[in-house]
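All values reported here derive from a predicted model rather than from experimental measurement.
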Amino acid sequence: CNTSRKMAPAASAVVGLRAACSAVRHACGRARATPLTLTWQSAVAHGCQGQRMLPSLLHSTRRFSLSSPSLSSNSQPTTPSASPTRMILEAPAPGLRETVVEVLGGERHTTVSWGDGHESKLFNVWLRDNCPCPACRHPVSQQRLVDSAKIPLDVRPFTATATNSGKAVSITWATSAATDTSGEASGEASGEASGDTSSGDTSSEEAGVHVSVYPSEWLRAHDYHPAERAVRDHERRRPELWGNAEMRGSDEAHLNKQAVVAAASVLVGSEAVQGEELEASAPGSTLGNQDLAGADQTDGLRDVVESLLRFGVVQITGVGTTEAELAPLATRLGVIRRTFYGDAIWDTKPRDDADVSDTAYTSLELLPHTDGTYFTEPPGLQLFTCSEAAGVGGLTWLVDGFKVADVLATHHPDTFEYFCTTPFFFQALEPGVAAKAMGTVIQRGFAGDVWRFRFNDYDRVPLNHLDAHRIEAFYEQHLPAITAVIRDPAHWVRIKLSPGDTIIVDNNRVMHGRTEFHGQRNLIGCYYDRDELLSKARIIGLVEHHTTEV
């Protein structure tokens with residue numbers, strides 16, 4: 001049921017609108033089957049002189065329940081007419097989260113109604129600030145070009161309507177909203193958006209207004225309504241906590257054998273290799289180095305990134321034992337972070353006592369810890385490749401710090417809160433270096449869950465920045481509690497790396513250590529910022545761009 005009615009442009013517009021509403025009610029009958037949306041679009045953008053008299057009627061919407069044998073939920077909007085005011089009666093697509101069925105502009109908010117019944121009430125200034133057109137958002141870098149501080153707080157839509165069969169929302173901003181917010185002439189448009197509305201492009205017809213076209217999927221994904229934020233929080237990826245039972249392999253040399261994914265990690269353009277498949281509940285991964293070969297092949301890399309996101313650790317076999325053999329893998333994973341420990345790739349070969357600047361360069365036992373706590377931003381990832389294996393001892397010791405935090409929160413809530421709120425100083429001293437930084441052992445993220453575990457008792461400095469009560473509580477209650485959880489055999493796993501084996505850990509989550517050894521043992525490796533992992537996760541599609549996940 002489509003109908004249009006020409007209105008007098010000025011004082012008679014109100015009467016015309018009311019009359020048209022009554023006419024549609026009468027013409028469409030009494031039945032109430034399919035909910036339809038009646039959208040009025042003002043003639044202002046088409047040259048009507050009455051816009052100053054009708055500021056509250058620039059866009060009006062009324063909804064009716066109508067039925068007719070000729071109506072269906074798949075009805076499409078009519079092609080816009082050239083008349084000063086037009087009326088479009090369109091049926092919504094029910095049950096679709098990404099389908100817009102109604103748009104209503106207001107003084108401070110624009111309300112978008114969706115096919116599933118949800119309503120998004122979005123600030124106009126927020127919408128204008130996030131206009132996706134090339135004049136407001138760089139088409140390649142996606143950086144904002146509009147000067148947000150220059151957007152009037154009272155910005156409001158000139159017109160607002162669903163377009164592209166409900167797959168986009170087009171908003172024309174009035175003259176006060178279309179000021180030169182970018183600091184340069186914007187050449188911005190009026191009238192209907194043309195072309196591919198999903199791109200946010202606009203067409204220039206008149207000066208003094210600006211058209212923003214928002215893909216409906218983007219609007220729904222960025223809706224800040226509490227219910228939508230809750231949906232995103234529920235859907236976002238969460239780490240899978242593990243202890244000895246989940247991570248222990250069938251032999252001393254590997255993590256959980258159920259997590260072997262080399263067979264399922266198919267190279268691009270190659271045939272699948274026969275073998276075990278990764279079980280959904282299996283923690284960790286063991287990959288063959290060949291799965292990571294090739295700059296244009298991402299299947300093996302995807303497995304590595306996914307295992308690091310889920311478990312904070314991944315094991316890779318067959319890498320090699322020299323820096324030259326490690327380099328292709330190391331650079332494939334991201335930009336290597338350089339530190340004062342030397343070049344991009346370092347080693348832990350034991351030194352003479354006179355040359356020891358870190359206990360890593362000894363054969364002593366190293367209790368579980370995270371590295372670089374003395375940096376303002378600790379390394380995000382740490383890669384170890386076994387170059388030489390000790391004859392006796394030298395087991396690699398791994399503990400899930402997020403699991404430790406979870407146990408503390410459940411069984412020792414006071415200790416959990418203490419380590420979330422009490423900062424500690426850590427330092428590294430060697431010739432020419434005096435690194436020092438402060439941070440809490442447990443850091444919570446925006447959503448309140450644990451985001452970082454930062455623990456290294458070797459590098460902790462004396463507690464002279466805390467009051468006596470907190471110092472006493474540290475020694476009497478909280479240090480014993482966290483130590484007991486970390487060293488509980490149920491919460492750690494030890495493996496014997498063979499030459500060529502590689503372990504990568506999320507240094508913001510997984511603690512590492514080693515048992516005392518006799519003979520020669522050497523690991524070569526490097527650091528990465530955690531942004532390397534998260535960037536690759538977004539590119540691969542393991543983390544959504546619009547989520548708050550970090």
Side-chain angles (χ1 to χ4, degrees), residues 35-37 39 59 61 63 73 90-133 136-137 142-144 146 148 151 153 155-157 159-173 177 193 197-200 211-239 309-310 444-451 534-535 537-550:
L36 301 177
T37 300
T39 302
H59 178 267
T61 304
R63 302 188 68 186
S73 61
E90 53 187 339
L96 297 179
R97 280 178 53 88
E98 295 79 17
T99 300
V100 176
V101 298
E102 181 179 88
V103 185
L104 178 61
E107 291 187 5
R108 291 180 57 81
H109 303 86
T110 291
T111 302
V112 180
S113 299
W114 302 88
D116 63 352
H118 175 71
E119 285 191 346
S120 300
K121 190 175 182 180
L122 306 171
F123 282 112
N124 292 328
V125 67
W126 181 90
L127 286 165
R128 182 64 186 89
D129 186 41
N130 289 288
C131 173
C133 82
C136 297
R137 183 80 59 171
Q142 291 298 297
Q143 290 175 292
R144 183 178 284 102
V146 65
S148 304
I151 301 174
L153 293 178
V155 62
R156 58 182 300 180
T159 61
T161 182
T163 63
N164 193 18
S165 301
K167 298 303 180 185
V169 169
S170 177
I171 296 180
T172 301
W173 303 99
T197 59
S198 64
S199 67
V211 177
S212 303
V213 180
Y214 307 89
S216 59
E217 185 176 3
W218 183 93
L219 282 176
R220 192 65 185 262
H222 291 80
D223 183 3
Y224 48 82
H225 188 282
E228 292 301 296
R229 299 204 315 269
V231 168
R232 292 195 294 271
D233 181 68
H234 176 73
E235 293 177 347
R236 68 186 175 90
R237 176 187 295 274
R238 283 177 167 77
L309 290 174
R310 293 174 65 188
R444 287 175 286 201
F446 176 77
D449 47 2
V450 175
W451 177 70
L534 296 175
S535 175
R538 294 186 185 101
I539 292 171
I540 294 172
L542 295 172
V543 175
E544 297 295 335
H545 288 260
H546 61 261
T547 67
T548 58
E549 181 176 8
V550 293

For this session: Could you check C133 against V213 for side chain to side chain contact (heavy atoms under 4.5 Å, CB included), going step by step and ending with a plain yes or no?
Result: CA-CA 7 Å; C133 82; V213 180; over 6 Å; no
Exercise. Would T99 and D116 count as a side chain to side chain contact (heavy atoms under 4.5 Å, CB included) if you check the C-alpha gap in whole Å, the side-chain angles of each, and the deciding distance to 0.1 Å?
Worked result: CA-CA 8 Å; T99 300; D116 63 352; over 6 Å; no
Exercise. Yes or no on side chain to side chain contact (heavy atoms under 4.5 Å, CB included) for W114 and V100, after CA distance, side-chain angles and deciding distance?
Worked result: CA-CA 5 Å; W114 302 88; V100 176; 3.6 Å; yes
Problem set entry | Pair R236-D449, side chain to side chain contact (heavy atoms under 4.5 Å, CB included): steps then yes or no | CA-CA 12 Å; R236 68 186 175 90; D449 47 2; 2.6 Å; yes
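The side chain to side chain contact (heavy atoms under 4.5 Å, CB included) search around F123 returns R108, H109, V125, W126, Y224, not counting sequence neighbours. With sequence neighbours left out, the side-chain hydrogen bond (donor to acceptor under 3.5 Å, both in side chains) criterion links S216 to no other residue. With sequence neighbours left out, the salt bridge (Lys or Arg N to Asp or Glu O under 4.0 Å) criterion links R444 to E417. Evaluation of the salt bridge (Lys or Arg N to Asp or Glu O under 4.0 Å) rule for E107 yields no partner, not counting sequence neighbours. Partners of R137 by side chain to side chain contact (heavy atoms under 4.5 Å, CB included), not counting sequence neighbours, listed by chain and number: N130, Q142, R144. Scored by the side-chain hydrogen bond (donor to acceptor under 3.5 Å, both in side chains) test, E228 finds R97, R220 as partners (sequence neighbours excluded).
Counting only distance, with no hydrogens or angles, the side chain of N124 and the backbone of P157 share no donor-acceptor pair below 3.5 Å.
By the 4.5 Å heavy-atom criterion applied to side chains, V211 and T172 are counted as neighbours. For the pair K121 and L104, the minimum side-chain heavy-atom distance is 4.5 Å or more. Side-chain contact check for R128 versus C136: some heavy-atom pair is nearer than 4.5 Å.
If you take CZ on R229 and NE2 on H222, they are separated by 14.0 Å, rounding to the nearest 0.5 Å. Remark: L127 CG to I171 CD1 distance equals 4.5 Å, nearest 0.5 Å. Separating the CZ atom in R237 from the CZ atom in R310 is a distance of 7.5 Å, to the nearest 0.5 Å. L219 CG to E217 CD: the interatomic distance, rounded to the nearest 0.5 Å, is 10.5 Å. Here C131 contributes atom SG and Y214 contributes atom OH; the two are 5.0 Å apart, rounded to the nearest 0.5 Å.
Contact record, A537 with L309: CB-CD1, 3.8 Å, taken as the closest heavy-atom pair. Shown here for S170 and T163, the closest heavy-atom pair between the two residues is CB-CG2, 3.7 Å.
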